[in-house]
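Throughout, residue positions are numbered sequentially from 1 according to the sequence presented. Please read all numbers here as calculations on a predicted model, not as lab measurements. The analysis underlying the following values was restricted to heavy atoms, covering all of them including side chains, and did not include hydrogens, waters or symmetry mates.
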Amino acid sequence: MSNYSTDPNDKPIVLDGVPMLRFIYKGRAGEMPLPSGKKVILVDELMEDTNFKPLPDGQDNDDAETIREERGYHVSSYGATQGWTPNGATSIAFNKMSTKEDFHTIVTAIRELFSEKKCTFSEDLLRYFAALTSQACGASDEDIVMTAAGMMKCFFNEVGLEDISAKDIANALPSASKVRDLELKLAADCLATRILEIPAVLKALTS
C-alpha cells in the first residue's frame with residue numbers, strides 16, 4: 001500500500017488477520033506485526049518510525065526522498081508470491097540471476113579477447129589450432145586464416161555480437177606467418193615425441 005495520508009481523521013485501514021504486515025509508503029519499506037485478533041490499524045500506528053527499514057547510506061536526504069516519492073511500482077511474481085518492485089528494476093530468482101551473471105562473464109571475456117588488437121590466445125589453444133590447420137590439405141595459411149575469420153564473424157553475428165568487427169577478429173587471430181610457425185613447432189613436437197618413444201619400442205622388440 002502507498003500514498004496513504006498521515007491525517008488521523010482519515011478512514012482507518014481495514015485488514016484481514018495476517019501475522020505480519022509489509023508495506024511501501026513513499027518509497028520506504030515498512031513492516032509491523034499484527035496483534036492477534038486485531039482487525040483495524042490506524043495510519044498513525046503504521047507511520048511509526050520503528051516500522052520502517054533503515055535507508056541505505058547516503059539516501060537519507062531531500063533529493064533521495066523526492067525520487068522515492070515519485071517512483072512508481074509494478075507487481076512482480078515469484079512462484080505463488082507477489083510483491084511490489086520499483087519501476088526500472090526487476091525481481092529475479094537467484095538461480096536465474098546466477099545464470100545471467102555467468103553469461104555476462106562469458107560475453108565480457110569474448111569482447112575483451114577481441115579488443116586487444118593482437119593475438120592473445122594461449123599457447124595450448126594455438127597448438128590445438130595448428131593441429132587443425134595441418135589437416136587442411138592444399139589450403140594455404142592465408143586461406144586458413146581467412147576461413148577462420150569468416151566463420152567467427154558469422155558466429156558472432158548469429159549470437160548478437162555484431163559489435164565485434166571483422167578488423168577485431170583479424171587482429172585477434174594468428175597471422176598466416178604465425179600459423180606457419182605454429183605448424184612447424186607442432187611438427188617438431190610430434191617428431192620429438194616419436195624419438196622419445198624409440199627406446200621403449202626397441203626394448204619391447206628385444207625382450
How long is the gap from OG on S91 to CD on Q82, to the nearest 0.5 Å? 11.5 Å

Between F103 and V159, is there shared hydrophobic-cluster membership here, with clusters defined by ILVMFWY side-chain heavy atoms closer than 4.5 Å? no

Do T133 and E183 have a side chain donor and acceptor closer than 3.5 Å? yes

Are more than 12 heavy atoms, taken from residues, nucleotides or ligands other than D102, located less than 6.0 Å from that residue's CG atom? yes

E45 and L42, any side-chain heavy atoms less than 4.5 Å apart: yes

What I'd like to find out is whether the side chain of E31 reaches to under 4.5 Å of the side chain of L21, using heavy atoms alone. no

Run the side chain to side chain contact (heavy atoms under 4.5 Å, CB included) test against S134 and tell me which residues pass, sequence neighbours left out. none

Would you mind writing out the side-chain donor-acceptor pairs for residues 190-199 within the sub-3.5 Å range, not counting sequence neighbours?
| from | atom 1 | to | atom 2 | distance (Å) |
| --- | --- | --- | --- | --- |
| T193 | OG1 | D189 | O | 2.9 |
| R194 | NH1 | E197 | OE1 | 3.1 |

Would you say that E116 contacts D168 through its side chain, given a criterion of any heavy-atom pair below 4.5 Å between the two side chains? no

Could you tell me which non-hydrogen atom of Q59 sits nearest to which non-hydrogen atom of A64, and how far apart they are? O-CB, 3.2 Å

Sorted by first residue and then second, give each salt bridge (charged side-chain N to carboxylate O under 4.0 Å, His left out) pair with at least one member in residues 157-167; sequence neighbours left out. R111-D163

Is it true that, when you exclude M146 itself, more than 12 heavy atoms of the residues, nucleotides or ligands shown sit nearer than 6.0 Å to its CE? no

Using the rule that two of Ile, Leu, Val, Met, Phe, Trp, Tyr join whenever any of their side-chain heavy atoms come within less than 4.5 Å, decide whether L113 and I106 are in one cluster. yes

Which residues satisfy the side chain to side chain contact (heavy atoms under 4.5 Å, CB included) test with A89, sequence neighbours excluded? T85

Is L186 linked to L173 within one hydrophobic cluster, defined over Ile, Leu, Val, Met, Phe, Trp and Tyr using a side-chain heavy-atom separation of less than 4.5 Å? no

Determine whether the side chains of T66 and D63 contain a donor N or O and an acceptor N or O closer than 3.5 Å. no

Crowded around K178 NZ? As in, over 12 foreign heavy atoms under 6.0 Å? no

Any side-chain heavy-atom pair from E65 and E69 closer than 4.5 angstrom? yes

If you take all heavy atoms of G27 and Y73, which pair is closest and at what distance? CA-OH, 3.0 Å

Name each donor-acceptor pair under 3.5 Å that joins a side chain in residues 117-131 to protein atoms two or more places apart or in another chain, with its distance.
| from | atom 1 | to | atom 2 | distance (Å) |
| --- | --- | --- | --- | --- |
| S122 | OG | L125 | N | 3.3 |
| D124 | OD1 | R127 | NH1 | 3.1 |

Parallel, tilted or perpendicular: which describes the rings of F156 and F114, with under 30° parallel and over 60° perpendicular? perpendicular

Taking the side chain from S98 and the backbone from N95, do they hold a donor-acceptor pair closer than 3.5 Å? no

Verdict with supporting geometry, K185 and D181, side chain to side chain contact (heavy atoms under 4.5 Å, CB included): CA-CA 6 Å; K185 185 176 181 180; D181 292 341; over 6 Å; no

R71 atom CZ, over 12 foreign heavy atoms within 6.0 Å: no

With a 4.5 Å heavy-atom cut-off, do R68 and K26 have their side chains touching? no

Is the shortest side-chain heavy-atom distance between T147 and I144 below 4.5 Å? no

Hey, are the side chains of F52 and M47 touching, using non-hydrogen atoms and a 4.5 Å cut-off? yes

Are the side chain of K153 and the backbone of I164 linked by a donor-acceptor contact shorter than 3.5 Å? yes

Does the side chain of N51 come within less than 4.5 Å of F23's, by heavy atoms? yes

Does V145 belong to the same Ile/Leu/Val/Met/Phe/Trp/Tyr cluster as M151, with side-chain heavy atoms less than 4.5 Å apart forming each link? no

Would you find a donor on one side and an acceptor on the other, under 3.5 Å apart, between the side chain of T81 and the backbone of S77? no

For D57, all residues meeting side chain to side chain donor-acceptor pair (under 3.5 Å), sequence neighbours excluded: none

Determine whether Y25 and L55 fall in the same hydrophobic cluster, where Ile, Leu, Val, Met, Phe, Trp and Tyr are linked whenever their side-chain heavy atoms lie under 4.5 Å apart. no

